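To find a chain, count down the sequence lines: A is the first, B the second, and so on, and within it residues start at 1. Model, not experiment: these values are computed from the prediction.
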Amino acid sequence: MIDKSSKGLLSESSKEKIEGLICIFPDKQSIILPVLHVIYDQLGYLDSKAIKEAASITEIPDVYFEEAASFYTMFPLEPVGKYLIQVCHNISCTLMGAESLIDYIKEKLGIKPGGTTADGLFTLVTVECLGSCGTAPVMRINDTYYENLTKAKVDKILETLRNQA
Amino acid sequence: MSFEPFLLTPIPDHDKIDVYLKHGGYTALSKVLKERTPEEVTQEVINSGLRGRGGAGFPTGRKWSFIPKDTDRPIYLCVNADESEPGTFKDRELMLKHPHMLIEGAVITAYAIKCNRAFIYIRGEFATEAHQLERAIAEATEKGFVGKNILGSGFDLEITIYRGGGAYICGEETALMTSLEGGKGYPRLKPPFPAVSGLYLSPTIINNVETICNIPHIMNRGAEWFKSMGTEKSTGSKIFCVSGHVNKPGNYELPMGISLRELLYEYAGGIKNDRNLKVVIPGGSSVPILTADKVDVKMDFESLVEAGSMLGSAGVIVMDETTCIVHAAYVISRFYQHESCGQCSPCRQGTLWMYRILDRIEHGKGKMEDIDLLLDICNNIEGNTICPLGDASVPAVRSSIKYFRDEYEYHIKNKKCLVQLDQRFE
């Protein structure tokens, strides 16, 4: 049940999107992953309170959403920085210098993988193959891919994001 | 060579429906709906010899023919766009630049298998690609190529994009279905095979993006044309994804059976910095490594098996002489232990221990008996798991020990690499 005493986390637009998903699939249970995407798109992570709200809208027990949330690694389960930097460290990217790319970002932002900068702007994580091995080394920031990275490119990307924030 | 790519055609703006139509797009669909029965379409694909491009290489038309004729359940098509095999990045390019080829292929496939509902399961990280497909489906629907009563034929097809959540396992066809059904992506035991009991326990065909993109071309130009390319058992073209230490990494669509040497030196520009080739993984990180002396191998299903590896997804990962093989195996093993879904013990425990042991060797804490322990773990994973992920974690480790045992021994004795990876990030 939704806690009626406090305001919900899901925006009206997210709620509408979730309601819109309900009749799309031959089996309603299929909306679990699409609903997680809606929550992630709005909040940048999967908040368990938001999951409960979504569960209530869909009338699917929240445990199913929680189970999926714990399985699919692209969704953070805790709040992260405004920009989630996901650096690939799989084989092709490693061959092209991903490990020193990670060291460079670590040093530049003063955080380790898993950490967030004090201003809340950047969270750094390492990820497995992003499917862009021909343009390695590669990182993804939120939903955007950045490819063929060099130190100069990383400097520019981070500076642009900092200025946008 | 006179070969002209037809999947990765260089036509600019080929993602726009007007451009696609101008270059013969959707003519195959139109002809099929007017002139061919579903059975004839399936037969043409069987005759073409097309084999699945996702990794397993199963004959596509035969797979379609396994749908029970007398089923009273709905039939589903799932396009596998969960491209996650390390070293593979072809479907991404197809979806970004040629989304209508995929859509046209999906509609023809659905017609052949008598399906009115298709899903494109795309890996979660591919947000731009998912939006591109959604846009293209909207365009195709507006023109009457998707939706109700397609081109007045009475055939209906609804296509839904389904975004994954970053789990490699969901590229395995049964895991893809359990994920789409709304749960963790746990693979299922086969049989029953998906063609008999798949998505929502209904007959289901799962085909890779590249496989589906071949269909309109086969219908337009015929099975004989398709068979004129490649080898006897590996027909057609193949998109080879070349990554790692080459001058021009990227996707190269070439006839099956081209030599690895030609692919690397004529197309991918040769090894970077004029170094020597050390190792190639020819089919994504799940297949055994090939040493440099195998560089004349032909890149097709049969020849690569003969050479001791596999074509897999044709993710060609190139490593030069500065690459430490222990380091490479360590990085690859980290991937499999991260992606093991945890459902069955040999994979869950085996991938974890392989990674831990390689981690300690890599960081100077290995013991000499670790090498045989790794091989023992390989033997205990292989063949003992529900799905192929466990098996896929074995080849890199086993083959790297087979060819470079001396490097492992050096690493353990001297607590450092025999060769030093030259980092190229500048």
Side-chain angles (χ1 to χ4, degrees), chain A residues 24-37 40-41 60 64-65 67-75 86 88-104 126-138 140 142-145 148-152 154, chain B residues 74 76 83-89 91-93 117 123-128 160 162-168 170 179-186 199-200 202 241-245 249-251 281 285 315 317-320 323 327-328 331-332 334-335 338-339 341 396 421 423-426:
Chain A
I24 286 185
F25 298 99
D27 184 329
K28 199 172 94 178
Q29 200 88 355
S30 285
I31 66 174
I32 288 175
L33 204 36
V35 167
L36 295 185
H37 273 286
Y40 167 72
D41 285 347
I60 293 173
Y64 289 103
F65 291 94
E67 184 186 56
S70 71
F71 184 83
Y72 293 101
T73 52
M74 78 171 261
F75 307 113
Q86 307 142 69
C88 173
H89 65 164
N90 207 301
I91 185 68
S92 299
C93 281
T94 293
L95 292 171
M96 299 307 285
E99 289 172 354
S100 52
L101 163 63
I102 293 162
D103 286 342
Y104 183 69
T126 55
V127 294
E128 296 300 345
C129 189
L130 287 169
S132 187
C133 324
T135 49
V138 172
R140 190 172 173 265
N142 296 348
D143 277 348
T144 307
Y145 276 67
N148 291 312
L149 292 173
T150 59
K151 283 183 182 168
V154 170
Chain B
Y76 295 112
E83 182 166 64
S84 315
E85 173 73 15
T88 316
F89 48 93
D91 299 340
R92 180 174 181 229
E93 184 170 344
R117 190 73 198 268
R123 67 175 294 176
E125 291 89 340
F126 284 171
T128 310
T160 307
Y162 199 88
R163 291 182 64 195
Y168 169 68
C170 293
S179 173
L180 218 163
E181 286 168 0
K184 295 179 287 191
Y186 273 179
L199 186 64
Y200 310 120
S202 278
C241 318
V242 187
S243 68
H245 298 151
N251 284 318
I281 305 184
S285 67
I317 306 164
V318 181
M319 308 185 199
D320 73 20
T323 313
H327 187 75
V331 169
I332 292 173
R334 180 179 59 206
F335 168 72
H338 183 264
E339 298 299 340
C341 79
L421 177 70
Q423 298 273 8
R424 277 150 182 90
F425 175 72
E426 282 158 0

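- Interface check for chain B: of the options Pro34(A), Cys93(A), Ala136(A), Ala69(A), the most heavy-atom pairs under 4.5 Å are formed by Pro34(A).
- When all heavy atoms are compared, the tightest approach of Arg117(B) to Ile24(A) is NH2-O, 2.9 Å.
- The choice from Leu130(A), Thr135(A), Asp143(A), Thr144(A) that makes the most heavy-atom pairs within less than 4.5 Å of chain B is Leu130(A).
- For chain A, the option among Cys341(B), Ser202(B), Gly185(B) with the highest count of heavy-atom pairs below 4.5 Å is Gly185(B).
- The candidate from Ile32(A), Val127(A), Asn90(A) with the greatest count of non-hydrogen atom pairs under 4.5 Å with chain B is Asn90(A).
- Nearest approach of Pro86(B) to Cys133(A), heavy atoms of both residues: C-SG, 4.4 Å.
- Heavy atoms closer than 4.5 Å to chain A are found in the side chain of Thr160(B), but not in its backbone.
- Atom NE2 in His89(A) sits 3.5 Å away from atom CZ in Arg334(B) (nearest 0.5 Å).
- Rounding to the nearest 0.5 Å gives a distance of 7.0 Å between NE2 of His327(B) and CD1 of Ile91(A).
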Show your working on side chain to side chain contact (heavy atoms under 4.5 Å, CB included) between Leu95(A) and His245(B) and close with a plain yes or no. CA-CA 7 Å; Leu95(A) 292 171; His245(B) 298 151; 3.7 Å; yes

Yes or no on side chain to side chain contact (heavy atoms under 4.5 Å, CB included) for Glu67(A) and Lys184(B), after CA distance, side-chain angles and deciding distance? CA-CA 7 Å; Glu67(A) 184 186 56; Lys184(B) 295 179 287 191; 3.2 Å; yes

Test side chain to side chain contact (heavy atoms under 4.5 Å, CB included) applied to His338(B) and Thr73(A), step by step: CA-CA 10 Å; His338(B) 183 264; Thr73(A) 52; 4.1 Å; yes

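- Among the candidates Gly250(B), Ser179(B), Gly315(B), the residue making the largest number of heavy-atom pairs closer than 4.5 Å to chain A is Ser179(B).
- For the atom pair OG of Ser132(A) and CZ of Phe126(B), the computed distance is 7.5 Å after rounding to the nearest 0.5 Å.
- Using a distance-only test at 3.5 Å, with no hydrogens or angles considered, a donor-acceptor pair links the side chain of Ser30(A) to the main chain of Leu180(B).
- Between the side chain of Arg163(B) and the main chain of His37(A), no donor-acceptor pair closer than 3.5 Å is present.
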Chi angles and distances behind the side chain to side chain contact (heavy atoms under 4.5 Å, CB included) call for Phe89(B), Cys129(A): CA-CA 10 Å; Phe89(B) 48 93; Cys129(A) 189; over 6 Å; no

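- Atom OH of Tyr200(B) is surrounded by more than 12 heavy atoms from other residues, nucleotides or ligands within 6.0 Å.
- With respect to chain B, the highest number of heavy-atom pairs below 4.5 Å among Cys88(A), Pro26(A), Ala68(A), Ser92(A) belongs to Pro26(A).
- Neither the backbone nor the side chain of Ile60(A) comes within less than 4.5 Å of any heavy atom in chain B.
- With a threshold of 4.5 angstrom between heavy atoms, Tyr145(A) approaches chain B through side-chain atoms but not through N, CA, C or O.
- For the options Glu93(B), Arg123(B), Glu339(B), Met319(B), heavy-atom pairs under 4.5 Å to chain A are most numerous at Arg123(B).
- Although no hydrogens or angles enter the test, the distance criterion places no donor-acceptor pair under 3.5 Å between the side chain of Tyr168(B) and the main chain of Glu128(A).
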